[in-house]
Amino acid sequence: MVVADDEGGIRYWPDFVDAQIADAWFAALQAADWKEQRRPMYDRVVDVPRLLAGYATGQWPPALPLTDMLQRVQRLAPADYNAVGLNLYRDGRDSVAMHNDKLHTIGPGQPIALVSLGDSRRMRIRAKTGPRAGIDLVLEPGSLLVMSHASQLTHEHGIPKTVRPVGPRMSVVFRVRSEKYAH
DNA sequence: GAAGGTCAAGCGCA
DNA sequence: CTGCGCTTGACCTT
């Protein structure tokens, strides 16, 4: 347990699946419907530093291994997941700023399950109040990170950029979206 | 419909 | 090398 609270806190399983499965998933998910996004930044528009894809549960192309992934996630972190979000960090310049998942879009008490594939990347986790001691967690391929709803209130997380040469990493995030946000 | 939060890059400093 | 806090603004949410 990386962070403790009464909903399970933040839990990390480095060996969620073995390397062969992780590699196969990573390869198959290249075929997802990856989209670039852009955002305004001062007087210019910049690319969001990662590629994004997302599906409602069961609405993904059958060729994607998401059904298998979801079944395995269910064994360790059972919940009525109704959405998946995928992020592709192409190299060390790709990142996500520190943030927490929007509580209003997640069912109360429901976990968020994140599977990592491809190269390892370091995730920074930090308490939002009090002593702002940060925790670094290396998210390895084939690992599972489960974050409680409550932990989103107390902690924020992000994937910082790095100068170290790194290959692509993918995260596959299963969530229980509230009614009005679910498709 | 007003108001508040988000989150991109780059900078300076620790 | 890396972390952090600051900055603006279009868009989203309440």
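Letters go in sequence order (proteins before strands), and every chain restarts at 1.
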Take atom [atom1] of [X] and atom [atom2] of [N], then tell me their distance rounded to the nearest Å.
{"X": "A/Leu52", "N": "B/dA8", "atom1": "CG", "atom2": "P", "answer": "9 Å"}
{"X": "A/Ile159", "N": "C/dC4", "atom1": "CD1", "atom2": "P", "answer": "14 Å"}
{"X": "A/Lys128", "N": "C/dC4", "atom1": "NZ", "atom2": "C1'", "answer": "17 Å"}
{"X": "A/Arg126", "N": "C/dT2", "atom1": "CZ", "atom2": "P", "answer": "17 Å"}
{"X": "A/His157", "N": "C/dG3", "atom1": "NE2", "atom2": "P", "answer": "16 Å"}
{"X": "A/Asp43", "N": "C/dT7", "atom1": "CG", "atom2": "C1'", "answer": "12 Å"}
{"X": "A/Met41", "N": "C/dC6", "atom1": "CE", "atom2": "P", "answer": "14 Å"}
{"X": "A/Arg124", "N": "C/dC1", "atom1": "CZ", "atom2": "P", "answer": "18 Å"}

Taking only side-chain N and O atoms of [X], does any of them lie within less than 4.0 angstrom of OP1 or OP2 on [N]?
{"X": "A/Lys161", "N": "B/dA9", "result": "yes"}
{"X": "A/Arg44", "N": "C/dA10", "result": "no"}
{"X": "A/Arg38", "N": "B/dC7", "result": "no"}
{"X": "A/Thr162", "N": "C/dC1", "result": "no"}
{"X": "A/Arg39", "N": "C/dT8", "result": "no"}

* **Salt bridge present between A/Asp119 and A/Arg121 (N-O < 4.0 angstrom)** => no
* Electrostatic pair A/Asp101-A/Arg175, nearest N-O below 4.0 angstrom -> yes
What nucleotide, of [options], holds the atom closest to the side chain of [X]?
{"X": "A/Arg122", "options": "B/dA8, C/dT2, C/dA10", "answer": "C/dT2"}
{"X": "A/His99", "options": "C/dG3, B/dC7, B/dA9", "answer": "B/dC7"}
{"X": "A/Asp136", "options": "C/dG3, C/dT7, B/dA8", "answer": "C/dG3"}

* Asked: Within the structure shown, what part of the strands sits under 4.0 Å from A/Arg93 by heavy-atom distance: base, sugar-phosphate, or nothing?
  -> nothing
* To do: Kindly indicate, with the supporting measurements, whether the criterion side chain to side chain contact (heavy atoms under 4.5 Å, CB included) is fulfilled by A/Leu86 and A/Tyr55.
  => CA-CA 9 Å; A/Leu86 295 88; A/Tyr55 303 96; 4.1 Å; yes
* Asked: Is a side-chain N or O of A/His99 found less than 3.5 angstrom from the main chain of A/Gly158, in a donor-acceptor match?
  -> no
* State, without any angle test, whether A/Arg50 and A/Ser95 hold a side-chain donor-acceptor pair at a distance under 3.5 Å. => no
